Structure formats: structure tokens, C-alpha cells
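Just so you know, these numbers come straight off a predicted model, no measurement behind them. First the proteins, then the strands, lettered A, B, ... as listed; each starts at 1.
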There are 2 protein chains.
Amino acid sequence: MDDGVQGFCPNGPLDWSFAAQPATSARDRIMRAASHLFCNHGFSATGVDTIIARAETAKATLYHHFTSKEELIAAVLEAEGETWRRWFFGRLARIEGPARVRLLVVFDVLHDWFADPAFYGCPFINAVAEFDTGNDAVRAAAARHKEHLLTWLKAQAIELDAPDAAEVARSFAVLIDGAIVAAQHSRDPSFALTARRLAEGYLDGMPLGRGARGAAPRGPGKSAV
Amino acid sequence: MDDGVQGFCPNGPLDWSFAAQPATSARDRIMRAASHLFCNHGFSATGVDTIIARAETAKATLYHHFTSKEELIAAVLEAEGETWRRWFFGRLARIEGPARVRLLVVFDVLHDWFADPAFYGCPFINAVAEFDTGNDAVRAAAARHKEHLLTWLKAQAIELDAPDAAEVARSFAVLIDGAIVAAQHSRDPSFALTARRLAEGYLDGMPLGRGARGAAPRGPGKSAV
DNA sequence: AAAATTCAAGACAGATCTGTTCATATTCTG
DNA sequence: CAGAATATGAACAGATCTGTCTTGAATTTT
């Protein structure tokens with residue numbers, strides 16, 4: 001039932017989880033252990049005793065650093081989000097092509113994420129799914145994370161000269177969320193490529209400001225049907 | 001903290017949850033109560049005491065009908081899936097247009113689902129997100145549910161004369177999952193329409209067997225970039 | 001009417017949960 | 001070296017968890 005530490009590669013291309021960070025203080029060991037257990041076995045299902053056992057520390061130390069399990073959950077989500085975004089946007093920042101290329105490479109980066117054996121889905125999607133009604137802190141953390149994503153997507157859409165950058169960002173958010181969930185359920189990373197093809201078709205069919213791309217402009221409305 | 005019974009409309013268009021079924025036996029009351037609580041507050045976070053309190057029954061009765069909480073979870077997921085599919089495919093069966101229309105109406109039906117104040121996301125997505133690693137029964141139930149969906153989508157794609165019906169079904173699955181998650185997080189039903197526009201663009205760009213639709217055929221590969 | 005099944009209410013066991021306390025040990029700082 | 005902050009182990013409290021059991025009442029079937 002218990003599982004060892006795997007997939008640890010400092011500064012490597014797969015460091016998308018906070019749990020893979022190098023250990024230093026007791027606080028960090030607790031954070032890494034909690035991160036791993038929360039993300040792999042659920043938040044409610046993971047007790048603090050299990051966390052301190054994995055972190056090889058004492059309960060008093062945990063409650064010295066965090067006033068409650070709820071606060072620990074919030075800290076873990078924050079750290080997971082920050083680590084993931086650093087990894088994700090770091091990968092994308094290396095792409096030098098135009099905005100269209102960067103927007104499509106998103107799904108190649110997602111593919112690498114999905115292909116990691118340690119992939120467990122998006123911590124924020126999982127947390128909102130678990131707590132759902134009545135945990136506004138978790139919902140707010142997820143909203144902040146998604147806002148980061150939407151801001152980046154919107155910036156690319158503006159660079160694309162898209163007529164409605166916000167709608168482009170929303171569309172890509174749907175594709176990203178859908179790919180994450182489909183890959184998580186099926187353990188099949190290729191859903192990232194399916195989402196990429198959808199994105200290509202979407203961008204091809206979009207009338208751009210300068211009419212740069214070849215496809216004939218099509219209105220987004222429900223024209224035919 | 002506790003919430004009453006809302007959204008009950010027998011045989012109405014919004015009966016997508018098993019929890020909205022009419023009460024009869026004690027077993028049904030338990031199922032409805034468990035359904036509501038599991039879906040709104042999480043599976044691990046809901047104790048059997050809370051369930052029997054809401055069902056106005058006794059613990060002995062619960063354990064007379066279900067050998068364990070795990071079995072109750074499985075039964076709830078099965079019932080939720082069946083009720084939802086009956087509702088969903090029932091709505092779609094009324095559409096008499098061609099397959100393209102039915103495929104796009106999917107997102108209008110989803111919109112109605114998302115717009116229900118009682119909407120809590122997809123129980124299977126939420127369950128897999130909560131248990132994630134190590135609960136194969138839940139994963140299998142989710143896989144069966146998704147298989148129903150994929151089978152229907154594939155049948156529509158074949159009727160469309162799509163070159164790769166399975167890939168069309170996968171694409172729509174990504175769009176559906178993405179819309180569900182985005183709507184669940186934002187509480188904004190219009191993500192269904194965003195997904196619908198993505199689907200329209202996808203279908204428009206797809207080369208069909210008989211070349212029925214007007215758009216110039218574009219290969220799905222990574223042509224330009 | 002009698003018998004059998006179902007149900008309600010609650011006590012109970014044993015485990016596990018979050019969180020506290022306290023004495024001690026370690027480590028960092030001045 | 002002295003003092004301050006931090007880490008640790010272990011026991012403890014109180015609540016809650018799943019699951020069992022008993023007793024008696026209601027309901028249905030024979």
C-alpha cells in the first residue's frame with residue numbers, strides 16, 4: 001500500500017510536483033509528504049499520522065508549523081500550483097515561435113506531464129472535486145491557479161490578434177481541463193494530442209484581425225444548425 | 001451546514017441525479033441520501049451516521065442492505081450513472097436532425113445540466129479525483145460510464161461518415177470533460193457553449209467521407225507547425 | 001390470527017481521527 | 001559557552017469513524 005519516493009529529478013524537466021523537491025527542513029519534509037499523500041490518496045483519506053510517518057517527524061512539529069490540517073492542505077495546494085506553473089510556463093518560455101506555436105506546444109508539454117508514471121491529475125481539479133460544496137478556500141485556490149493560466153492564454157490570444165482573446169483563453173481552458181481529466185481516467189497521455197488537434201482546428205477556423213492565416217473566416221455563431 | 005431536499009421534479013427535464021428520485025423503501029431513502037451527501041460533500045467526508053440521519057433510518061437497516069460503505073458507494077455511482085445516462089440520452093433521442101445536429105445538441109443538454117443550481121460536477125470525475133490511486137472499483141465504474149458515452153459518440157461519428165470515428169469520440173469526450181470541469185469550477189454554465197463552438201470548428205474542419213460539408217478538407221496532422 | 005420479514009433506535013466495540021501537552025533533545029545564534 | 005529557537009517522542013483527550021448487536025415495534029405474508 002505504501003509507496004516509496006519516485007520520480008525525483010532536481011531541476012529536471014519533470015519536476016512539476018512539489019513532492020519532488022529536495023528535502024531540507026522538517027517543514028519541507030512535511031510539505032513533501034503531505035503533497036504526495038494528498039495527491040495520491042485524497043485529502044480527507046490522508047491522516048496527519050500518515051503524513052508525519054512519511055515525513056519522519058513528530059505530530060508536534062507538524063502542528064508547530066501549521067495550525068490545522070486545513071491550513072496544511074492550503075499550503076500544499078499553493079506549493080503544488082507554484083511548482084507546476086514554474087515548470088509549465090518554464091517549458092513554454094523556451095519556445096521562440098509565434099503565439100500560435102506556443103499555444104499548440106501547450107499540449108505537447110501536457111503530454112509529457114501525462115506520460116509521467118507519477119501523474120495523478122491536476123491537484124486543484126481533484127481538490128475541488130473532493131470538497132465540492134462548502135470549502136471556499138479550496139475553490140479560491142483553484143480559481144487563482146486557473147486565473148494564472150487564463151492570463152497567460154489571453155496574452156497569447158492577444159498576440160494572435162484574435163477577435164475575442166478572453167473567449168480563446170476559455171476555449172483553451174476547456175481543452176486543457178478535458179485533456180487532464182481524460183488522461184487521468186484512461187492513463188493514456190495521447191489525449192493531449194487529441195486536444196492539440198482540437199486546438200489546431202479551432203485556431204484554423206478563427207478569423208484573425210490581420211487575416212493572417214489561410215482559412216476562410218467563419219463566424220463562431222450557430223450558423224448552420 | 002445541512003441542506004434540504006431541493007430540485008425535485010419527478011420525470012421532469014432536470015432529473016439527472018438519482019437523489020431526485022421519489023422515495024419509497026428504506027433502501028431507496030438510504031440511496032438518495034447517500035447520493036446527495038457523497039456528491040455534495042465527498043465520499044470520504046460523508047459518514048454513515050450522516051447518511052442514516054438524512055435517510056431517517058437506522059444503521060442496522062443500512063448494513064442490512066449494503067455489506068459496507070464501499071459497496072454503498074459503488075451502488076450510488078451505478079445508480080447515478082444510470083439515471084444520468086437515461087436523462088442525457090433521453091434528451092438526445094428526441095433530436096431528429098442528422099448526426100451533426102445531435103452531436104452539437106450534446107452541449108446544449110450539458111448547458112441545462114450545468115445551469116441547475118444543484119449541479120456538482122460529474123460524480124465519476126469527482127470519485128476518481130478523490131480516490132485516485134488504489135481504488136480500482138471506482139476507476140472501473142467510471143470507465144464503464146465513459147464507455148457508454150464513447151459508444152454513443154462513436155455511433156454518431158460513423159453516421160457522420162467521419163474518417164476516424166474513434167478519434168471523433170475521443171475528441172468529444174475531451175470537450176465534454178473539459179466543459180464539465182470548467183463549469184463546475186466557475187459555476188458558469190456557458191462553458192458548454194464554448195465547448196460547442198470548439199466542436200463546431202472541429203466538425204467543420206473534418207474531411208468527411210462523402211465530402212458532404214462545405215469546408216475544405218484539412219488533414220488532422222501537425223501540418224503547419 | 002399467526003408468522004415472518006422489515007424497520008427503528010441506540011448501545012457498543014475497536015479503530016482512527018484531529019489536535020494538545022510536556023519533557024527532552026538538538027541546533028542555531030549571540 | 002550560554003541562551004533561544006526549533007525538533008522530537010510519547011502519551012493523552014475527545015471526537016468520529018465503520019461495523020455489530022440487541023430489543024422491540026410495525027408491516028406484510030401465510
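You'll find that the side chain of B:V48 is closest to D:dT18, out of D:dT18, C:dT18, C:dC7.
Atom P of nucleotide D:dG9 and atom CG of A:L62 are separated by 14 Å, given to the nearest angstrom. Between the CZ atom of B:R27 and the C1' atom of C:dT6 there is a distance of 14 Å, rounded to whole Å. Remark: C1' of D:dT18 and NE2 of B:H64 are 19 Å apart, rounded to the nearest angstrom. One can place CD of A:E56 at 18 Å from C1' of D:dA10, the figure rounded to the nearest angstrom. In this entry the distance linking OH of B:Y63 with C1' of D:dC17 reads 9 Å, nearest Å. Rounding to whole angstrom units, CZ of residue B:F66 and P of C:dC7 are separated by 11 Å. Rounded to an integer number of Å, the gap from B:H65 NE2 to D:dT20 P is 15 Å. Taking atom CG of residue B:D28 and atom P of nucleotide C:dC7, one finds them 10 Å apart after rounding to whole Å.
The existence of a salt bridge linking B:K146 and B:D177 is confirmed by a sub-4.0 Å separation between a basic side-chain nitrogen and an acidic carboxylate oxygen. The existence of a salt bridge linking A:D108 and A:R91 is excluded, since no basic side-chain nitrogen approaches an acidic carboxylate oxygen closer than 4.0 Å.
The local environment of NE2 in A:H65 is crowded, with over 12 non-hydrogen atoms from other residues, nucleotides or ligands closer than 6.0 Å.
Within the structure, a side-chain polar atom (N or O) of A:R29 is placed less than 4.0 Å from OP1 or OP2 of D:dT8.
Residue B:T57 is in sugar-phosphate contact alone, with no base atom involved, counting any heavy-atom pair closer than 4.0 Å across all strands shown. In this structure, A:T46 reaches the sugar-phosphate backbone alone: every heavy-atom distance under 4.0 Å involves primed, P, OP1 or OP2 atoms, never a base. Across all strands shown, B:S44 has no heavy atoms under 4.0 Å from either base or sugar-phosphate atoms.
Checking A:R27 against A:T61 by side-chain atom types alone, no donor-acceptor pair falls below 3.5 Å. Of the N and O atoms on the side chains of A:H145 and A:R85, at least one donor lies less than 3.5 Å from an acceptor on the other residue.
Relative orientation of the B:W113 and B:W84 rings is tilted, given thresholds of 30° and 60° on the angle between their planes.
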Under the rule of Watson-Crick or G-U wobble with both distances under 3.5 Å, where | means paired to another strand and [ ] a crossing pair, DNA chain C maps to |||||||||||||||||||||||||||..|
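Between A:F43 and A:F131, a ring centre-to-centre spacing shorter than 6.0 Å is recorded.
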Kindly give the atom pairs (protein nitrogen or oxygen, nucleotide nitrogen or oxygen) under 3.5 Å for nucleotides 10-16 of chain C.
none

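A 4.5 Å side-chain heavy-atom check between B:L175 and B:Y202 finds every atom pair outside the cut-off.
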For residues 70-79 of chain B, which side-chain donor-acceptor pairs fall under 3.5 Å, sequence neighbours excluded?
| residue | atom | partner | partner atom | Å |
| --- | --- | --- | --- | --- |
| B:E71 | OE1 | B:T67 | OG1 | 2.8 |
| B:E78 | OE1 | B:R144 | NH2 | 3.3 |

